[in-house]
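Data first, discussion second: the structure below is written as structure tokens.
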Protein chains: 2
Amino acid sequence: MFTFDQLAGFIAVAEELHFGRAAERLNMTQPPLSRQIQKLEKIVGAELLERDNRKVTLTSAGEAFLDEARRLMALAERAPVTARRIASGRSGVLRVGFTAASGFSILGPLLGELAGIIPDVDIDLQELVTGEQLSGLLTGELDLGLARPPFDSETFDSHLLYRESMVVAVPAGHPLTLLARDITAEDFKDEPLIMHSPTQARYFYDLVVRMLPIRHANVVHTVSQILTMVSLVAAGRGLAFVPHSATLLGIKDVEFLPLEAGRGEEVELHALWNRRITNPALARLLRDLEFAME
Amino acid sequence: MFTFDQLAGFIAVAEELHFGRAAERLNMTQPPLSRQIQKLEKIVGAELLERDNRKVTLTSAGEAFLDEARRLMALAERAPVTARRIASGRSGVLRVGFTAASGFSILGPLLGELAGIIPDVDIDLQELVTGEQLSGLLTGELDLGLARPPFDSETFDSHLLYRESMVVAVPAGHPLTLLARDITAEDFKDEPLIMHSPTQARYFYDLVVRMLPIRHANVVHTVSQILTMVSLVAAGRGLAFVPHSATLLGIKDVEFLPLEAGRGEEVELHALWNRRITNPALARLLRDLEFAME
DNA sequence: ATCATTTGATACCCGGAAGGCATCATGTTT
DNA sequence: AAACATGATGCCTTCCGGGTATCAAATGAT
């Protein structure tokens with residue numbers, strides 16, 4: 001394999017068409033340059049220059065090789081620059097997981113903010129439930145998650161993004177929508193309930209269980225995605241407790257009713273990340289966010 | 001400037017993630033390899049590998065640099081070949097990028113056509129996704145691409161080669177294969193979907209998103225190569241939307257189902273090239289093609 | 001025709017870089 | 001705690017690349 005010095009030498013000679021001047025340009029003397037080119041030609045296996053003891057010309061193979069040589073040099077000069085940019089967090093890829101619910105509320109503004117702080121970093125978005133985000137953060141497939149508690153604060157660091165209240169999704173025209181007052185637990189006694197999955201959406205499940213004594217009899221479905229829940233409500237399969245941002249989904253034939261004051265616990269959405277940060281772009285983001293918060 | 005040996009050393013270590021094995025592969029001992037990498041890191045100005053006294057991992061800067069290093073090595077290996085070809089009297093080399101999907105349909109006939117128009121030009125084929133082809137065309141590493149929209153028509157000129165319809169790839173014996181009718185969007189409601197990468201395979205991604213109401217919930221993988229998608233389908237990981245030519249891949253345990261008429265949008269394959277043409281062989285090809293089309 | 005000039009190639013020498021061997025340092029496993 | 005695994009370091013030797021001096025061939029002026 002040839003060396004970069006040989007390429008640089010060849011480029012210089014090809015441009016000057018004169019060994020002496022090329023050598024001067026390269027801050028060396030002519031003899032080693034001559035040998036460099038000879039060696040290069042031997043490695044390439046083709047004559048690149050025609051020496052005619054009075055002038056130097058490029059062969060057609062030499063012209064083609066000059067192209068390649070320039071390309072190689074340009075690439076070789078750029079490579080460390082990009083590597084340094086990534087190491088400093090100024091560019092690269094940030095893999096962000098988000099839950100369906102957050103996608104309809106905070107994700108847009110958050111992306112705008114990210115674009116302000118790390119504009120050269122590509123954001124790779126993946127919609128995942130909290131559990132998937134946690135395992136993604138552990139394996140390093142994900143850099144940042146937008147998810148709900150609980151998660152292990154030993155391994156994950158986090159920042160509270162916002163709280164929102166829970167509301168009840170009911171099919172349009174349902175008797176409860178006619179109530180003049182806020183909803184209470186009593187109102188659900190005989191209503192079929194679409195429940196959160198205790199494994200996939202543990203946070204909501206625990207929350208709802210805490211809010212009202214469940215009557216398992218009435219649980220008609222257990223699902224993990226808010227969107228799915230609301231769709232089922234729209235289809236008249238029952239009621240569901242969903243975070244307020246679900247109202248932004250724009251699903252037809254569903255109404256959202258506020259819960260009795262005090263009973264409507266609030267749910268949280270956190271930005272969270274693995275404490276063992278490996279992605280410089282994330283390190284930079286967090287550092288700049290710290291500054292912004294103080 | 002670093003040397004090709006350092007690049008080769010880095011690539012070996014990055015692939016083996018083990019200095020000893022990498023050294024063995026390079027027919028050298030471990031100590032000089034360690035120093036080689038250290039020197040390379042010093043030159044690049046960034047940590048490329050994380051040594052943890054038990055295992056070696058790539059930093060994100062290292063990942064990016066690995067990419068560049070591979071490109072450099074590939075380019076460096078190809079350069080002498082093209083030079084020799086030209087020196088041996090053939091009039092040039094045309095470097096053609098193609099997508100895996102096009103490789104199974106149009107590539108064969110196209111090569112025949114090229115051989116008719118520019119018989120003395122060697123064709124250098126590389127399988128690349130659309131995004132890689134575009135960057136290759138920009139840097140001049142590629143002369144001609146066979147790829148799908150979108151691309152910037154300011155910098156690239158193109159010619160539509162053909163259209164084909166999309167089909168659904170399902171694991172053999174899947175319930176949907178028993179359906180007597182064509183598939184509709186409703187049929188996927190609860191099916192895991194193997195999705196195209198929004199960055200690497202933007203065209204397909206946009207198309208599929210357009211075809212069926214976003215149900216991110218069911219996306220199990222995002223991949224960029226059609227072949228990978230079909231393999232994942234074969235492995236029973238889910239369904240996938242692929243162009244009709246994927247049926248030619250001959251992968252076992254996959255069936256392809258047509259989409260409901262009207263819903264199955266057609267996808268396009270274009271031949272495209274950089275408007276700033278530098279390769280005379282490409283100029284000749286295009287000129288002769290113009291003649292043929294008139 | 002001869003000789004000075006130009007320009008790339010060759011001969012020879014020297015310093016530094018890269019590889020090999022032996023060994024160290026550190027973390028893991030039994 | 002001892003053996004093991006694995007990357008880093010120290011030291012020696014070899015070889016490659018650059019420098020100086022010189023050669024070789026072609027040109028052109030007298």
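Just so we're on the same page: letters track the sequence lines, and every chain starts at 1.
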| query | Please, which pairs that meet side-chain hydrogen bond (donor to acceptor under 3.5 Å, both in side chains) have at least one residue in residues 55-67 of chain B, sequence neighbours excluded? | reply | none

| Of all residues at least two apart in sequence or in a different chain, which pass the salt bridge (charged side-chain N to carboxylate O under 4.0 Å, His left out) check with B/Arg84? | none

| query | What residues in residues 9-20 of chain A put a non-hydrogen atom under 4.0 Å from any atom of DNA chain C? | reply | A/His18, A/Phe19, A/Gly20

Mind listing the side-chain donor-acceptor pairs of residues 273-282 of chain A below 3.5 Å, one per line with the distance, residues two or more places apart or on another chain?
unit_1: A/Asn274; atom_1: OD1; unit_2: A/Arg276; atom_2: N; d: 2.9
unit_1: A/Asn274; atom_1: ND2; unit_2: A/Leu137; atom_2: O; d: 3.1
unit_1: A/Arg275; atom_1: NE; unit_2: A/Ser153; atom_2: O; d: 3.0
unit_1: A/Arg275; atom_1: NE; unit_2: A/Glu154; atom_2: O; d: 3.3
unit_1: A/Arg275; atom_1: NH2; unit_2: A/Ser153; atom_2: O; d: 3.1
unit_1: A/Asn279; atom_1: OD1; unit_2: A/Ala281; atom_2: N; d: 2.8
unit_1: A/Asn279; atom_1: ND2; unit_2: A/Val93; atom_2: O; d: 2.7
unit_1: A/Asn279; atom_1: ND2; unit_2: A/Asp143; atom_2: OD2; d: 3.0

| message | I need the CZ-C1' distance between A/Arg51 and C/dT10, as an integer number of Å. | response | 14 Å

Atom pairs under 3.5 Å: protein N/O with N/O of nucleotides 15-19 of chain C:
unit_1: C/dA18; atom_1: OP2; unit_2: B/Lys39; atom_2: NZ; d: 2.3
unit_1: C/dG19; atom_1: OP1; unit_2: B/Gln36; atom_2: NE2; d: 3.4

Cut-off 3.5 Å, no hydrogens considered: what does the side-chain donor-acceptor table look like for residues 71-79 of chain A, sequence neighbours left out?
unit_1: A/Arg71; atom_1: NE; unit_2: B/Thr139; atom_2: O; d: 3.3
unit_1: A/Arg71; atom_1: NH1; unit_2: B/Gly140; atom_2: O; d: 3.2
unit_1: A/Arg71; atom_1: NH2; unit_2: B/Gly140; atom_2: O; d: 3.3

Got a list of protein N/O to nucleotides 26-30 of chain C N/O distances below 3.5 Å?
none

| Within the pair A/Gln38 and C/dT10, is there a side-chain N or O less than 4.0 Å away from OP1 or OP2? | yes

| query | 5' to 3' on DNA chain D, which nucleotides open and close the contacts with chain A (atom under 4.0 Å from a heavy atom)? | reply | D/dG17 to D/dT27

| query | Between CD1 of B/Ile123 and CZ of B/Arg95, what distance do you get to the nearest 0.5 Å? | reply | 11.5 Å

| Is there any salt bridge (Lys or Arg N to Asp or Glu O under 4.0 Å) pair reaching into residues 6-17 of chain B, and which pairs are they, with sequence neighbours excluded? | B/Glu15-B/Arg25, B/Glu15-B/Arg70, B/Glu16-B/Arg21, B/Glu16-B/Arg25

| Could you give the CD-to-C1' distance, from A/Glu41 to C/dG8, as a whole number of Å? | 12 Å

| message | Distance check needed: C/dA25 C1' versus B/Gln30 CD, whole Å only. | response | 13 Å

| Whether over 12 other heavy atoms sit under 6.0 Å from A/Glu24 CD | no

| task | Write down the distance between CZ (A/Arg21) and C1' (C/dT6), rounded to a whole number of angstrom. | result | 12 Å

| said: So, using ring-ring contact (aromatic ring centres under 6.0 Å, His included) as the criterion, who are the partners of B/Phe2 when residues are at least two apart? | reply: A/Phe4, B/Phe65

| field | For A/Thr82, side chain to side chain contact (heavy atoms under 4.5 Å, CB included) partners two or more places apart | value | B/Glu68

| How long is the gap from CG on A/Leu269 to CG on A/Leu160, to the nearest 0.5 Å? | 8.0 Å

| request: May I ask you to say whether A/Arg90 pairs ionically with A/Asp120, meaning some side-chain N is under 4.0 Å from a carboxylate O? | output: no

| query | In Å, rounded to the nearest 0.5 Å, how long is the span from CG of B/Leu49 to CD1 of B/Ile37? | reply | 6.0 Å

| said: Going by the rule side chain to side chain contact (heavy atoms under 4.5 Å, CB included), which residues pair with B/Thr3 if we only count those two or more places apart in sequence or in a different chain? | reply: B/Asp5, B/Gln6

